[in-house]
Amino acid sequence: MSNTAQTLPSGRVALSQQSPAIALGPLDGRYRPQTAVLVDYLSEAALNRERVHVEVEWFIHLCEQRALTGLEPLSDEQKSGLRAIVADFDAASVAELAEIEAVTVHDVKAVEYYIGRRLPGLGLEHLTPLVHFACTSEDINNLSYALGIRDAINHVWLPAARELVAAVATMARNAKATPMLSHTHGQPATPTTLGKELAVFAHRLGRQVQRVADTEFLGKLNGATGTFAAHTAAAPDTDWPETSRSFVSHLGLTWNPLTTQIESHDWQAELYADMARFNRILHNLCTDVWSYISIGYFHQIPVEGATGSSTMPHKVNPIRFENAEANAEISCSLLDTLAATLVTSRWQRDLTDSSSQRNIGVAFGHSLLAVSNVLKGLDRLDVAQEVLAEDLDQNWEVLGEAVQTAMRAEAIAGREGMDNPYERLKELTRGHRVDADRMREFIAGLGLSEDTARRLSELGPGQYTGLAEQLVDRYLD
Ligand SMILES: O=C(O)C[C@H](Nc1ncnc2c1ncn2[C@@H]1O[C@H](COP(=O)(O)O)[C@@H](O)[C@H]1O)C(=O)O
């Protein structure tokens with residue numbers, strides 16, 4: 001249903017009819033400055049440009065391979081003329097394709113005609129039947145998507161994700177020796193360091209980034225039902241599987257030899273599962289940092305001129321982390337849907353993948369937005385050392401674990417009087433606040449060996465951080 005009226009029934013201006021066009025979705029509207037970079041790889045226009053690219057390269061490949069009687073390798077001039085169709089693809093090309101597609105009602109057929117229109121200018125009119133030769137649309141589509149997704153990953157998503165991992169790792173190193181009370185189950189627990197906790201996130205995110213970087217981008221070109229039927233009917237003497245393999249490899253993709261009409265999309269499902277996992281770990285980082293901000297462990301550095309709350313002037317809200325949470329969730333829901341549905345296609349094909357793959361850029365865009373907001377948010381955090389120290393000092397009972405474990409070691413070494421260590425510490429600490437004096441007095445009265453007693457007496461909650469600092473040094477990449 002289209003609404004072409006300039007005015008709505010309410011008398012309001014029809015925003016849908018304004019020029020320049022007003023976006024429906026936030027990625028092309030409010031958030032466009034952060035996400036426009038993906039338009040070059042994952043927009044419909046980029047898909048069509050990639051389709052032109054694949055058709056042109058297949059045309060050149062068939063000539064180079066002399067795959068049909070009468071074909072000769074093209075001259076350098078002819079090849080660069082063909083490749084210029086791809087290089088020069090612009091807004092006018094988008095409009096022309098739309099005009100052709102309005103007639104064909106078939107997007108890939110429109111690309112074929114678009115290229116065909118340009119062959120006379122290159123002295124190649126006699127080779128018009130070679131455009132889209134023996135191809136089904138999916139031969140072109142799967143390769144075009146694989147190339148667009150690969151480039152979006154390599155040129156956009158991975159650099160952003162790596163920048164984020166590096167930023168978290170830098171924060172982790174800077175805070176590797178900053179003691180912090182832990183909160184397992186939300187309750188005071190064995191202290192750690194802020195840096196070690198951030199290192200966990202850098203490590204986790206880094207693993208997912210590596211999985212994404214290792215993605216195998218598969219492609220196929222084998223005709224309407226994956227059998228090279230049309231190819232062999234037309235030219236039985238050509239080694240079509242090899243011609244297909246060398247073509248797909250020449251594009252920089254991994255050849256998939258066994259498919260139905262469609263490339264099975266399993267590699268996409270694998271990639272989206274990894275990206276979704278990255279988003280979820282990022283979401284976990286956001287909610288942890290948000291919580292640390294809320295209990296004062298981080299100060300947020302106010303942005304000059306910015307407003308926190310429209311009514312409460314004192315506030316600096318953690319909006320970057322909240323925005324990232326929402327965008328990570330939306331990205332995950334799209335990635336999950338794509339991963340779950342793309343692996344299924346009825347019999348030799350149904351067209352659901354065509355419609356759902358049009359949202360790949362949206363899924364990537366929301367993930368990119370989440371990453372960009374976390375980067376901005378982290379950049380405006382200061383560690384509130386005094387709050388961290390004060391919280392540790394209020395929770396001396398967390399040393400109960402240290403004392404009971406040292407007592408066990410003493411008992412195993414044969415020292416008398418070390419009975420029921422856990423129970424004795426439980427009696428002292430469970431549900432009670434224990435201050436420094438009480439804990440030290442208790443330790444002094446235990447009858448520990450001189451060495452252990454000295455070591456424990458030097459321990460406060462701020463020193464009971466185990467190997468946290470060394471773990472950051474040794475294991476954070
Ligand atoms: O090579 C072929 O085309 C073979 C054909 N299968 C198709 N394969 C790929 N694309 C096809 C197919 N069929 C339609 N279309 C065109 O896909 C477009 C779907 O539009 P949208 O739902 O917006 O993604 C829209 O442009 C459709 O016209 C078959 O019969 O098996």
Side-chain angles (χ1 to χ4, degrees), residues 1-2 24-25 27-28 39 41-59 62 89 93-117 128-149 152 218-234 240 244 247-248 253 256 258-265 268-269 272 334 337-365:
M1 202 169 48
S2 71
L24 172 63
L27 295 184
D28 294 311
V39 170
Y41 307 105
L42 294 174
S43 61
E44 186 181 357
L47 172 65
N48 277 326
R49 176 167 61 187
E50 216 57 75
R51 283 167 165 157
V52 176
H53 167 60
V54 172
E55 295 276 18
V56 159
E57 290 301 321
W58 178 234
F59 186 102
L62 289 170
F89 192 93
S93 316
V94 172
E96 185 179 335
L97 264 177
E99 171 210 308
I100 305 173
E101 192 186 337
V103 178
T104 59
V105 196
H106 195 302
D107 48 4
V108 180
K109 204 68 189 166
V111 169
E112 179 184 336
Y113 291 158
Y114 174 88
I115 296 170
R117 284 181 177 185
T128 303
L130 196 63
V131 182
H132 199 67
F133 181 80
C135 287
T136 190
S137 309
E138 170 68 6
D139 286 331
I140 308 306
N141 284 339
N142 87 94
L143 297 172
S144 304
Y145 268 116
L147 293 172
I149 295 166
L218 270 67
K220 76 103 190 179
L221 186 147
N222 51 13
T225 55
T227 60
F228 297 101
H231 310 65
T232 49
W240 286 108
S244 167
F247 175 63
V248 172
L253 305 172
N256 188 342
L258 274 177
T259 73
T260 59
Q261 180 177 106
I262 64 161
E263 201 291 321
S264 313
H265 306 327
Q268 287 196 55
Y272 302 151
L334 283 169
T337 300
L338 289 167
T341 59
L342 284 178
V343 291
T344 315
S345 192
R346 286 187 292 280
W347 292 353
Q348 282 67 50
R349 105 149 287 150
D350 63 53
L351 206 56
T352 51
D353 61 333
S354 171
S355 317
S356 52
Q357 283 180 114
R358 296 187 189 276
N359 296 288
I360 294 168
V362 185
F364 278 47

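Atoms within each ligand, like the ligands themselves, are counted from 1 in listed order.
Between E101 and R51 there is no salt bridge, since none of the side-chain N atoms of the basic residue sits less than 4.0 Å from a carboxylate O of the acidic one.
At the top of the distance list for atom 8 (N) of ligand 1, counting protein heavy atoms only, stands R349 NH1, 3.1 Å. Closest to atom 15 (N) of ligand 1 among all protein heavy atoms lies H106 NE2, 3.4 Å. Counting only heavy atoms of the protein, atom 6 (N) of ligand 1 lies nearest to Q261 OE1, 3.1 Å. For atom 21 (P) of ligand 1, the closest non-hydrogen atom on the protein side is R358 NE, 3.4 Å. From the protein, the heavy atom lying nearest to atom 19 (C) of ligand 1 is S354 OG, 3.4 Å.
No part of Q348 comes within 4.0 Å of ligand 1, judged by heavy-atom distances. Contacts of K109 with ligand 1, taken as heavy-atom pairs under 4.0 Å, are absent altogether.
Of the polar atoms of N141, none of the N or O atoms is found under 3.5 Å from an N or O of ligand 1, judged by distance alone.
N142 and G219 make their closest contact through OD1-CA, 3.2 Å (heavy atoms, listed as atom of the first residue, atom of the second, distance). Here the shortest heavy-atom pairing between V94 and A45 reads CG2-CB, 3.7 Å. Closest approach of A134 to D139, counting heavy atoms only: O-OD2, 4.1 Å. Nearest heavy atom pair, residue S354 against residue Y145, reads O-OH, 4.3 Å. Of all non-hydrogen atoms in T260 and K220, the two that sit nearest each other are O-NZ, 3.9 Å.
Note on ring orientation: taking the six-membered ring where Trp is involved, the planes of W240 and W58 are tilted (angle from 30° to 60°).
Within a 4.0 Å radius of atom 30 (O) of ligand 1, the protein contributes no non-hydrogen atoms.
Residue S137 has at least one heavy-atom neighbour below 4.0 Å for each of these atoms of ligand 1: 1 (O), 2 (C), 3 (O), 8 (N), 9 (C), 10 (N). For ligand 1, the atoms lying closer than 4.0 Å to a non-hydrogen atom of S355 are 21 (P), 22 (O), 24 (O). Which parts of ligand 1 touch L351 is read off a 4.0 Å heavy-atom cut-off, strictly below it: atoms 9 (C), 10 (N), 11 (C), 12 (C), 14 (C), 15 (N), 17 (O), 19 (C).
Nearest to atom 16 (C) of ligand 1 by heavy atom, out of T136, D107, V105, is D107.
Remark: the backbone N or O of G223 is not paired with any side-chain donor or acceptor of T136 at under 3.5 angstrom.
Considering D353, L338, I149 in turn, I149 is the only one that fulfils the side chain to side chain contact (heavy atoms under 4.5 Å, CB included) rule with Q268.
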